[in-house]
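This report refers to the structure that appears directly beneath it.
All figures in this text were calculated on a predicted structure; none of them were measured in a lab. Proteins come first, then strands; the chains are lettered A, B, ... in the order of their sequence lines, and each starts at number 1.
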Amino acid sequence: MAKQKEKLVAEITAMETDFTQWYTDVVLKAELIDYSAVKGCMILRPYGFAIWENIQSDLDRRFKDTGHENVAMPMFIPESLLQKEKDHVEGFAPEVAWVTHGGSEALAERLCIRPTSETLFCDHYAKIIQSWRDLPKLYNQWVSVVRWEKTTRPFLRSTEFYWQEGHTAHATEAEAREETLRMLEVYADFYRDALAIPVIRGRKTESEKFAGAEETYTVEAMMHDGKALQSATSHYFGDGFAKAFEIQYSDRNNQLQYVHQTSWGLSTRSIGALIMVHGDDSGLVLPPRIAPIQVMIVPVAMHKDGVLEKARAMKDRLGRSLRVRLDDSDRMPGWKFSEYEMKGVPLRLEIGPRDLAAGQCVAVRRDTGEKTVLPLDQLEQSVRDLLDDIHDNLYAKALKRMNERIWSAAGWDEFSRIIAEKPGFIRAPWCGNEACEAKIKEETGATSRCIPFDQPEQNGSCVCCGKPAVTDVIWGKAY
RNA sequence: CGGGGUGUGGCUCAGGUGGUAGAGCGCUUGCUUCGGGAGCAAGAGGCCGGAGGUUCAAGUCCUCUCACUCCGACCA
């Protein structure tokens, strides 16, 4: 592995100097977003939106492969509809935006701008589900939602954000539970295979559950600064919503039954994860499978005979199977190198007079900075191999970094010392008492990220109170 | 919602004790350049966040607002 290379982009604050500022610099300088006229709302610029489009198309294929259909619900929810499920309203009430007027007339009933769409799907499901033959309903939608957040940050927490929300209705509890876990796996696979991000799968504690859910499952990722990012969630609702919304079907014995439901979502926050897991002091580092530009061709001395022609030929060849761009603007080559490094383009190909004669080009990978010479006659295969290797390397590096920073703590003193001194997660036993969870949050700032699926035979004692533990919990500071 | 910071060309910022706005970068045009952010030349571009007030005179002083940003409590 190449040593940490010199920082080439002066406009970006170094991570060690100020991680938050580094993040803001990257997001703006890489032209992912711009701030908008409305507080907390961001404009997704072409490069940022292209990443989202690639995320969408990859995930959408996985949803279709598991039998789901896309729909689109309205963005407004009548207040009475939102209030049908008690826990759910209580969870979301503080952060909903309300529409009170249509034109100049006050509305008889105010409308909430969806913070999430459970109630809309439920209302619809109640109408269209009558028989066991109507089940399961496996719907998903790609939309934006609005939550009136107090403090906002691009991608991580914005007032309006884009996401997908899957909502399914099943005949039995077993089927619904299976769906909940299936979709969690879809997310985990997606993070590994498309974003090159390792995640920890687990279940949320009672206090961290989604409003209205019986169980919430999560995939948690570790950012470069050691903080956790809840990267996607999948909820099992039981029949709570079905009872509130009277979603019933006749089973094979003509008995009325309530459906069992799930919902699951992944948002543009995943782009925040990409930035904070793979990025470095020179800017973005994008995994090849979702990078809007996978290969950038930079001609050197392009006014010289044959250079531009060869560069164009390379672009045409590679463009048949890859997202390739050629920068034939009159910028200096050095400027272009820095620019595309800042933007995280996984692979750069340089072609100049020296290469022309030799029938080669120079490849520079973004993840390691390593330069290799590629013969032009096997260009397609070499490039594809390099891109695959970059993906694997990014994943391996992120996995290693995460595993190296999951600490264990035997007791309270050790726990609070590690949280204060070392970035990362702590894996430690818990007695199951919410008071301990609350105390840890209160006194150390760490929250329970999840109860990981892989559990040892439990014989430890609670890291907070010392009483016998029931389970291991992953603790950490979170975004 | 509490605490701090900042608002002056597209961007980063200068503009002690009031006197009618400047630099660097970027942008435009031309020529020369091109293997890690090129050089020269000529240009364009600002009612100084907004509203009041003090004054002969306000980026500059006073009051009030708004926005952005950072740090904490709540959340995908």
Side-chain angles (χ1 to χ4, degrees), chain A residues 5-13 18-25 28-29 34-42 91-96 115-116 144-165 187 204 207-211 216 218-221 228-235 263-273 282-283 298-304 307-308 327-342 348-356 358 360-362 364 369 371 373 441-442 445 447 477-479:
Chain A
K5 66 188 158 62
E6 194 183 341
K7 182 168 164 297
L8 295 167
V9 180
E11 289 96 337
I12 296 175
T13 306
D18 183 345
F19 191 79
T20 314
Q21 191 59 48
W22 169 84
Y23 180 81
T24 307
D25 287 350
L28 292 173
K29 297 280 165 44
D34 194 12
Y35 292 110
S36 80
V38 178
K39 177 184 165 60
C41 293
M42 56 184 179
F92 282 100
E95 52 184 28
V96 293
T116 178
S144 71
V145 291
V146 168
R147 298 181 189 177
W148 219 257
E149 300 286 354
K150 284 161 189 155
T151 58
T152 57
R153 300 191 55 199
F155 296 118
L156 302 176
R157 181 170 301 110
S158 48
T159 301
E160 181 183 16
F161 60 88
Y162 295 85
W163 76 344
Q164 58 68 218
E165 42 179 327
Y187 289 138
K204 286 288 187 184
S207 64
E208 296 282 334
K209 265 175 19 180
F210 178 82
T216 290
T218 178
V219 289
E220 299 282 326
L229 190 72
Q230 178 175 306
S231 301
T233 48
S234 186
H235 315 286
S263 85
W264 25 274
L266 177 147
S267 73
T268 37
R269 178 180 262 192
S270 56
I271 297 175
S282 297
V298 177
V300 176
M302 66 185 185
H303 56 290
K304 301 242 169 96
V307 173
L308 208 44
D327 187 346
D328 57 0
S329 71
D330 58 6
R331 298 277 194 190
M332 300 297 291
W335 187 93
K336 296 174 186 175
F337 299 164
S338 300
E339 181 69 8
Y340 301 119
E341 276 162 12
M342 190 163 72
R348 176 175 80 238
L349 297 181
E350 304 173 16
I351 176 88
R354 292 211 296 267
D355 303 309
L356 277 187
Q360 63 182 38
C361 67
V362 174
V364 184
K371 291 190 180 188
V373 169
K441 183 173 181 177
E442 177 83 17
T447 51
K477 291 180 181 164
Y479 276 98

Expressed in whole Å, how much space separates the P atoms belonging to A44(B) and U28(B)? 15 Å
In whole angstroms, the gap separating C1' of C70(B) from CZ of R157(A) amounts to 15 Å
Quiz item: Base, sugar-phosphate, or nothing: which does G352(A) touch, judged by heavy atoms less than 4.0 Å apart?
Solution: base
Glycosidic torsion of G59(B) (syn if within 90° of 0, anti otherwise) classifies it as syn
Item to complete: Would you mind classifying the nucleic acid contact of F161(A) as base, sugar-phosphate or nothing, using non-hydrogen atoms under 4.0 angstrom?
Response: base
Separation of G10(B) atom P from D34(A) atom CG, nearest Å, is 14 Å
Using Watson-Crick geometry (N1-N3 plus N6-O4 or O6-N4) or G-U wobble (N1-O2, O6-N3), each under 3.5 Å, G10(B) is paired with C25(B)
Nearest heavy-atom approach of E220(A) to A228(A) is OE1-CB, 3.9 Å
Whole-Å distance, W335(A) CH2 to G37(B) C1', equals 8 Å
Correct closest heavy-atom pair for T13(A) and W22(A) would be O-CD1, 3.1 Å
Taking only side-chain nitrogens and oxygens of Y35(A), does any of them come within less than 4.0 Å of OP1 or OP2 of U69(B)? yes
Going by ring centres under 5.5 Å and near-parallel planes (under 30°), is H303(A) stacked on C34(B)?
-> yes
How would you label the contact of S231(A) with the nucleic acid (heavy atoms, under 4.0 Å): base, sugar-phosphate, or nothing?
-> nothing
Below 3.5 Å, can you tabulate the donor-acceptor pairs from side chains in residues 147-156 of chain A to any protein atom, sequence neighbours excluded?
unit_1, atom_1, unit_2, atom_2, d
R147(A), NE, P115(A), O, 2.8
R147(A), NH2, P115(A), O, 2.8

Checking G35(B), G37(B), A73(B) against the side chain of P333(A) (C-beta onward), the nearest is G35(B)
L28(A) atom CG is separated from U12(B) atom P, nearest whole Å, by 10 Å
Rounded to whole Å, the CD-P distance (E95(A) to C74(B)) equals 13 Å
task: Show your working on side chain to side chain contact (heavy atoms under 4.5 Å, CB included) between V145(A) and E165(A) and close with a plain yes or no.
output: CA-CA 10 Å; V145(A) 291; E165(A) 42 179 327; 4.0 Å; yes
| query | Using the P atom in both, what is the distance from G26(B) to C68(B), to the nearest Å? | reply | 29 Å
Considering only heavy side-chain atoms of R153(A), the closest of C70(B), C75(B), A73(B) is C70(B)
5'-most contact on RNA chain B (nearest-nucleotide basis), A478(A) vs E350(A), goes to E350(A)
In terms of heavy-atom contacts, G352(A) and V307(A) come closest through C-CG2, 4.2 Å
- Within the structure shown, what part of the strands sits under 4.0 Å from P353(A) by heavy-atom distance: base, sugar-phosphate, or nothing? base
Which value, in whole Å, describes the distance between the C1' atoms of nucleotides G9(B) and G37(B)?
-> 23 Å
When both distances are under 3.5 Å in a Watson-Crick or G-U wobble arrangement, the nucleotide paired with U60(B) is none
Here the distance between atom C1' of C11(B) and atom NZ of K29(A), to the nearest Å, is 9 Å
From CG of D25(A) across to P of C11(B) the rounded distance in Å is 15 Å
**Request:** Report which part of the nucleic acid T218(A) touches: base, sugar-phosphate, or nothing (heavy-atom distance under 4.0 Å, all strands).
**Result:** nothing
Integer angstrom distance from the P of A58(B) to that of C70(B)
36 Å
Item to check | C1' spacing across the pair A21(B) / C64(B), given as an integer number of angstrom | outcome: 26 Å
message = Check this one for me: any side-chain N or O of T151(A) less than 4.0 Å away from OP1 or OP2 of C1(B)?
response = no
Next on the checklist: Over all strands shown, is V298(A) touching base, sugar-phosphate only, or nothing at heavy-atom distances under 4.0 angstrom?
Outcome noted: nothing
_Does C71(B) have OP1 or OP2 under 4.0 Å away from a side-chain N or O of T20(A)?_
yes
K336(A) and S329(A) have their tightest heavy-atom pair at NZ-O, 2.9 Å
Per nearest nucleotide of RNA chain B, the residue lying toward the 5' end, L156(A) or D18(A), is D18(A)
Between U17(B) and U60(B), how far apart are the two P atoms, rounded to whole Å?
11 Å
Using a 4.0 Å heavy-atom cut-off, does K441(A) contact any base of the nucleic acid, only the sugar-phosphate backbone, or nothing at all? sugar-phosphate
In whole angstroms, the gap separating P of U32(B) from NZ of K304(A) amounts to 14 Å
When you compare G15(B) with G24(B), how far apart are their C1' atoms, in angstrom units rounded to a whole number? 15 Å
Margin query: Please report the distance separating the P of G2(B) from the corresponding atom of U65(B), rounded so that it comes out in whole Å.
Written below: 13 Å
R348(A) and F337(A) have their tightest heavy-atom pair at NE-CD2, 3.2 Å
Report, one pair per line, the protein and nucleotides 26-29 of chain B atoms (nitrogen or oxygen only) whose separation is under 3.5 Å.
unit_1, atom_1, unit_2, atom_2, d
C27(B), OP1, R331(A), NH1, 3.3
C27(B), OP1, R331(A), NH2, 2.9

